[in-house]
Amino acid sequence: MTWYLSHITPYPFYEEQPDLLLAGGVPQVTQVTRFPPEEPLLALYEQYGMNQQEHTFLEQIPWELKARPVPVSRAESAAHMGTEALRALLETAPEAREKCRYLVYGHETTEPNFYLTPCLYVKKTLKLKRLLPFALSRCGSCTLPGALELVKTLHPSAPGQAAAESLFVTADRLCPPHPRYWFDADPKGDAAAACLLSTAGGDWAVVDAIADGWPLSSDDPYRWPEADYRRHERRLLAGCRQAVSVLLRRNAADAGRIVLAVPQTLSSTFRRYVERLLPYPVYRRTYAAGCNLLGSDCLLSLKEAEDGHSFQPGDCVLLLQAGPLSHLGLLLLRKTNKYGETNGGYAE
């Protein structure tokens, strides 16, 4: 059974006037902005034994990264951001309310809401009573491959079975003491994106997906010396090479159709490595350029590429989700026409 991805919808930052951008840790706004209280979240991080005063790596952040503008949301939480992204999707595809059976919510950053889980908050706020909610967390930036694996399990393939459809939303908002800057990695920004996963057709057929992860050398990476950071960086790059090799080898027919690679905005080191590794054009996002938007990063890059590029049915795109530390998620997508078909037929 082939799964399709469509209706990629970002969190509507344009409704926040003005968009907040941080440069050097200073909000670039002309008016006083009241941020929501962070006490519950700080207490949650205290449970994890994290203390920003011990973050010695902050002293090693290059000034160029500190000066880079970063999108920062004024929403109360990442769940609020995810809700608005999904609300915007449902406005363009209202039939999804009745057709979809499951809601999958992915996040990497910690949520401050103690009373409703983020996934239940989205379901309740948008009155999605028919949907069964599932949450994916601590998957790094690779929640989309996990969501696809989950919906494939929830919708087993059977002869004559009706089309299966699910909603996916991923949202991340960073709050103290979680730092936006870490060694020479690209700074992390707030973002959310929603999309529709369906077997009935869509904008992109999912040809193949690979997800991988490995344990960290210590529980609190914020106490790592730079040597530990570099060791994990090398492990990530080696894992990326191996995963790309496996994916392209078992999809040899579609490898020749790849017209674009869309990597995670993780670091300059990761980007240079991907550019050397792949013989395809590598996309560089213009929105929040040089900022890691975590679980939404590759989806927002793909959406921007769609809006500015004329993909033909049968064209393939390789998404490389990675990080922030020890996760990899590769997706090979094939462009369809309005009937859900590609030049090479349906994806297997």
Side-chain angles (χ1 to χ4, degrees), residues 3-17 19 36 40-41 71-137 139 141 143-144 146-155 162-175 189-204 293-300 302-303:
W3 281 88
Y4 297 85
L5 184 153
S6 62
H7 292 87
I8 300 174
T9 308
Y11 169 66
F13 253 116
Y14 58 84
E15 293 183 359
E16 296 188 355
Q17 299 293 337
D19 289 349
L41 190 60
V72 178
S73 174
R74 287 180 290 178
E76 293 183 16
S77 68
H80 288 76
M81 297 176 64
T83 298
E84 294 309 311
L86 191 53
R87 191 194 306 276
L89 185 155
L90 293 173
E91 289 176 357
T92 61
E95 68 279 1
R97 284 183 175 271
E98 299 299 323
K99 292 183 178 181
C100 290
R101 185 175 179 186
Y102 300 109
L103 168 65
V104 182
Y105 179 99
H107 67 102
E108 168 64 7
T109 53
T110 304
E111 295 276 5
N113 195 325
F114 289 134
Y115 304 103
L116 282 176
T117 65
C119 190
L120 287 176
Y121 174 86
V122 173
K123 172 184 168 74
K124 180 178 183 296
T125 304
L126 297 179
K127 298 180 173 58
L128 303 173
K129 297 182 179 181
R130 297 183 66 256
L131 273 66
L132 295 176
F134 292 87
L136 295 173
S137 64
C139 300
S141 301
T143 51
L144 182 54
L148 284 166
E149 184 177 354
L150 177 62
V151 295
K152 286 180 180 180
T153 303
L154 295 172
H155 294 287
E165 298 192 22
S166 293
L167 291 169
F168 170 70
V169 59
T170 180
D172 291 291
R173 177 176 177 269
L174 284 92
C175 300
D190 300 341
C195 66
L196 181 64
L197 304 176
S198 173
T199 60
D203 300 330
W204 296 92
L293 302 182
L294 299 173
S296 306
D297 194 89
C298 285
L299 279 175
L300 296 184
L302 178 61
K303 172 62 176 173

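The shown structure was predicted, so the numbers you read here are calculated from the model rather than taken from an experiment. Hydrogens, waters and symmetry mates are skipped; everything else that's a heavy atom, side chains included, is used.
Remark: Val169 pairs with Leu103, Tyr105, Ala194 by the side-chain contact (heavy atoms from CB on, under 4.5 Å) rule, at least two apart or across chains. Residues passing the side chain to side chain donor-acceptor pair (under 3.5 Å) test with Ser166 are His155, sequence neighbours excluded. Annotation: side-chain contact (heavy atoms from CB on, under 4.5 Å) contacts of Ser6 (sequence neighbours excluded): Leu196, Asp203. Partners of Leu136 under the side-chain contact (heavy atoms from CB on, under 4.5 Å) rule, at least two apart in sequence or in another chain, are Val104, Cys139, Ala147. Not counting sequence neighbours, the partners of Ala192 by the side-chain contact (heavy atoms from CB on, under 4.5 Å) test are Tyr11, Met81, Ala85, Ala171. For Phe134, the ring-ring contact (aromatic ring centres under 6.0 Å, His included) test picks out Tyr102, with sequence neighbours left out. In this structure, Phe168 has no ring-ring contact (aromatic ring centres under 6.0 Å, His included) partners at least two apart in sequence or on a different chain.
Between Thr153 atom OG1 and Leu148 atom CG the span is 10.5 Å, to the nearest 0.5 Å. Between Leu197 atom CG and Glu165 atom CD the span is 9.5 Å, to the nearest 0.5 Å.
The two residues Tyr121 and Ala79 have their closest heavy-atom pair at CD2-CB, 3.8 Å.
The closest donor-acceptor contact from the side chain of Thr109 to the backbone of Arg173 lies under 3.5 Å. With Thr170 contributing its side chain and Gly106 its backbone, the two residues share a donor-acceptor pair below 3.5 Å.
Counting only heavy atoms from C-beta outward, the side chains of Cys195 and Ile8 approach each other to under 4.5 Å. Proximity of Pro133 to Leu128: side-chain heavy atoms (C-beta onward) are nowhere separated by under 4.5 Å. Using a 4.5 Å heavy-atom cutoff, the side chains of Leu293 and Asp172 are not in contact.
Residue pairs meeting the side-chain hydrogen bond (donor to acceptor under 3.5 Å, both in side chains) criterion with at least one member in residues 85-100, sequence neighbours excluded, are Glu84-Arg87.
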